[in-house]
Amino acid sequence: MLISRLAPTAPLDAAGVRFGIQRFCCSAAASNDHGTSVLLLHHGQPRTPYYATKFLAKNASLYYKIPEAVTRFFAAPLSKLSSTTNQCLADYGHEPSIDERLSDLDSSLQRSLSQVLPEFGPIECSHAFLLDEPSIEQRVDNILRKGLNRLVVLPLYPHYSCFQTGIMLNKVAKAVLEKTTVLEKKPEEGKEAERIVPMSETSFVASTVDRWSAHPVLPYCWKEQIRPLVDEIDAILFVAPTMRGYDALSYNSSVWSSCERVLEQLNNKVAWKLAFYNSWDQFPIPPLRNNVQIQMKHLLRNKLERILVIPVTQVIPSFDTQTVIPRLFEKQPKVSILSPRPNDRLLIHGLTEVVKNHLLEGRRTTAQLSMICKFCVDSECGHTRKIFSR
């Protein structure tokens, strides 16, 4: 447990309790009765047309910052007319739900972390969705009711973007602020701020791994899938969902860097390009630059026909990997597509390392998260800076 020690101003009783607050020290022998909670975050996916309409309306409301009543008016006809959405739902019916996939990931990651970090135990892993059930608010409430010493929030989007990751962190921060109070208004320099649930006997620290695209887990997972196919392909086309606005340039740069890391793992044996596409829940307006059509033409012009497509930003199967991306290349017979493997042991090992480094090496939330984005109009971003930033 990495909660800072405080010098007592009153005698402690036999249980180590002062003013109704139980203190925990950092040693492995400490009594971490409540342990660590690791919360995985994802936007979620609908299973039926009805929920698809609600999902798209909420998604558009969050993205464009307009009332959901307005976006619902447009979402219903768009979802009915969208062949992509209908095909996503049809394909999804033959696959395990994303809730089932993440429940398996929770269990595997919890076992792995418990073996590697017994001093932070008991460790509990769970997941929550921005636009699905269980919601972020529900899950945070359940975690706080059980009691904990540390909350680690891990978005399942390795490349940070304000829309994908930032909005989810806003929801977590808002839920924590509403249900807890700060233990010390001005903690000592270098200490993490502790929070406490009213009428609770334990304090806790909240932190987040807000971006982890630079960790070796992502290029290594893709390298292991690509390596057996290197001699059978002419080029690699990495694809990623486009992010308009919301500091998109930083997102694009981080995705580009991940592509370079994958090729470094392959000794730069293969030519490659990066293309952006519209995710299933975005309006069907192709990116003006570096879209799939432009990059495919460039590769074919160089007589690179046997192309392997890699959804480099994805770590679990999704509508994009199961339906959207295959539809983009359905008329390209020499194109092969890889997809992230469900419950991949390499991913579980990598996420274990991400959380372990975060806890053992005191890697607090990146300082970048404390900055206000240019033209930001989201008032909830202040919650995230209050809870998670340095």
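The figures that follow rest on heavy atoms only: side chains count, while hydrogens, waters and symmetry mates do not. As the structure is a prediction and not an experimental result, all values here were calculated from the model. One is the number of the first residue; the rest follow in order along the sequence.
Applying the side-chain hydrogen bond (donor to acceptor under 3.5 Å, both in side chains) test between Tyr277 and each of Asp320, Asn291, Thr242 identifies Asp320 as the sole match. Partner of Arg150 under the side-chain contact (heavy atoms from CB on, under 4.5 Å) criterion, chosen from Ile123, Leu359, Val38: Leu359. A side-chain contact (heavy atoms from CB on, under 4.5 Å) with Phe388 holds for exactly one of Val172, Asp210, Asn170; it is Val172.
Heavy atoms only, all atoms of each residue included: Val270 and Ala235 are closest at CG1-CA, 3.4 Å. The two residues Pro219 and Gln265 make their nearest non-hydrogen contact at CB-CG, 4.1 Å. The two residues Gln322 and Asp91 make their nearest non-hydrogen contact at O-OD2, 4.0 Å. For Glu100 against Ser97, the heavy-atom pair with the smallest separation is OE1-N, 2.9 Å. Here the closest non-hydrogen pair linking Val315 and Leu156 is CG2-O, 3.5 Å. Shortest non-hydrogen contact noted between Leu117 and Lys356 is CD2-CG, 3.7 Å.
Using a 4.5 Å heavy-atom threshold, the side chains of Pro134 and Asp99 count as touching. Side-chain contact between Val255 and Thr313 is present, with heavy atoms from C-beta onward closer than 4.5 Å. The side-chain heavy atoms of Leu151 and Val205, taken from C-beta on, include no pair separated by under 4.5 Å. Side-chain contact between Tyr160 and Ser250: absent, with no pair of heavy atoms (C-beta onward) separated by less than 4.5 Å. In this structure, the side chains of Asn357 and Val209 stay at 4.5 Å or more apart for every pair of heavy atoms. You'll find the side chain of Glu305 stays beyond 4.5 Å of the side chain of Gln332, heavy atoms only. Taking the side chain as every heavy atom from C-beta outward, Leu89 and Arg47 never approach each other to under 4.5 Å. Taking 4.5 Å as the limit, every side-chain heavy atom of Val217 sits out of range of all side-chain heavy atoms of Pro158.
Applying the 6.0 Å contact sphere to CZ of Arg289 captures no more than 12 heavy atoms from other residues, nucleotides or ligands. For Asn268, the CG atom sits in a packed shell: over 12 heavy atoms of surrounding residues, nucleotides or ligands are nearer than 6.0 Å. Around atom NZ of Lys223, more than 12 heavy atoms belonging to other residues, nucleotides or ligands sit under 6.0 Å away.
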Would Glu330 and Arg327 satisfy salt bridge (charged side-chain N to carboxylate O under 4.0 Å, His left out), going step by step from the backbone distance to the final call? CA-CA 5 Å; Glu330 58 188 358; Arg327 280 168 66 95; 5.5 Å; no
Run Ile136 and Leu130 through side chain to side chain contact (heavy atoms under 4.5 Å, CB included) and show every step you take. CA-CA 6 Å; Ile136 290 174; Leu130 176 68; 4.3 Å; yes
Step-by-step ring pair (Phe, Tyr, Trp, His ring centres under 6.0 Å) determination, His94 to Tyr92: CA-CA 5 Å; His94 305 292; Tyr92 194 29; over 10 Å; no
Start with the C-alpha gap between Leu144 and Thr180, add the side-chain angles, then the distance that decides, and say whether side chain to side chain contact (heavy atoms under 4.5 Å, CB included) holds. CA-CA 9 Å; Leu144 295 179; Thr180 67; 3.9 Å; yes
For a side chain to side chain contact (heavy atoms under 4.5 Å, CB included) check, start with the C-alpha distance between Ile143 and Leu39, then their side-chain angles and the critical distance, and finish with the verdict. CA-CA 9 Å; Ile143 290 172; Leu39 178 60; 4.2 Å; yes
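One hydrophobic cluster, built from ILVMFWY side chains closer than 4.5 Å, holds both Ile310 and Ile337. Under the 4.5 Å side-chain heavy-atom criterion for grouping Ile, Leu, Val, Met, Phe, Trp and Tyr, Ile348 is not connected to Leu346 through any hydrophobic cluster. Leu338 and Val292 fall within a single hydrophobic cluster, where Ile, Leu, Val, Met, Phe, Trp and Tyr are joined by side-chain heavy atoms under 4.5 Å apart, directly or via other members. Linking Ile, Leu, Val, Met, Phe, Trp and Tyr whenever their side-chain heavy atoms come within less than 4.5 Å leaves Tyr51 and Leu62 in two separate clusters. When hydrophobic clusters are built by joining Ile, Leu, Val, Met, Phe, Trp and Tyr residues whose side-chain heavy atoms come closer than 4.5 Å, directly or via intermediates, Leu266 is grouped together with Leu308.
Judged by distance alone, the side chain of Gln225 and the main-chain N or O of Trp222 form no donor-acceptor pair under 3.5 Å. Counting only distance, with no hydrogens or angles, the side chain of Thr53 and the backbone of Pro49 share a donor-acceptor pair below 3.5 Å. In this structure, the side chain of Trp212 engages the main chain of Pro155 through a donor-acceptor pair within 3.5 Å. Side chain of Ser279 to backbone of Gln282: no donor-acceptor contact under 3.5 angstrom is found. Looking only at distances, a side-chain donor or acceptor of Asn302 sits under 3.5 Å from a matching main-chain atom of His298. Using a distance-only test at 3.5 Å, with no hydrogens or angles considered, no donor-acceptor pair links the side chain of Gln295 to the main chain of Lys273. Within the 3.5 Å criterion, the main-chain N or O of Ser318 finds a donor-acceptor partner in the side chain of Thr321. Remark: side-chain polar atoms of Gln110 are paired, donor with acceptor, to backbone N or O of Cys125 under 3.5 angstrom. No donor-acceptor distance shorter than 3.5 angstrom exists from the side chain of Asn149 to the backbone of Thr36, with no hydrogens or angles considered. Remark: side-chain polar atoms of Arg72 are not paired, donor with acceptor, to backbone N or O of Lys54 under 3.5 angstrom.
For the pair Arg195 and Phe204, the cation does not sit on the ring face, since its NZ or CZ is not both under 6.0 Å from the ring centre and inside 45° of the axis.
With sequence neighbours excluded, the residues satisfying ring-ring contact (aromatic ring centres under 6.0 Å, His included) with Phe55 are Trp280. Residues meeting the ring-ring contact (aromatic ring centres under 6.0 Å, His included) test with Phe329, sequence neighbours left out: none.
For the residue pair Asn343/Ser108, the side-chain donor-acceptor check at 3.5 Å is satisfied. Side-chain atoms of Asn59 and Asp281 form a donor-acceptor pair, as typed in the model, at a separation below 3.5 Å. Using modelled atom types and a 3.5 Å distance limit, the side chains of His42 and Asp132 yield no donor-acceptor pair. With no hydrogens or angles considered, a side-chain donor-acceptor pair links Glu133 and Gln138 at under 3.5 Å. A donor-acceptor contact closer than 3.5 angstrom is absent between the side chains of Ser83 and Gln87. Between the side chains of Glu68 and Ser61, no donor-acceptor pair of N or O atoms lies under 3.5 Å. Checking Asp106 against Ser126 by side-chain atom types alone, no donor-acceptor pair falls below 3.5 Å.
Annotation: Phe163 is in aromatic contact with His43 [ring centroid separation under 6.0 Å]. Side-chain rings of His159 and Tyr157 stay apart, their centers remaining 6.0 Å or farther from each other.
In this pair, Phe276 and Tyr251 present their aromatic rings tilted. The plane angle is within the 30 to 60° band.
Looking at Arg261 and Glu264, no side-chain N of the basic residue comes within less than 4.0 Å of a carboxylate O on the acidic one, giving no salt bridge. Electrostatic pairing of Lys174 and Glu137 does not count as a salt bridge here, judged by no charged N lying under 4.0 Å from a carboxylate O.
Atom-to-atom distance recorded for Lys171:NZ and Leu41:CG is 12.5 Å, nearest 0.5 angstrom.
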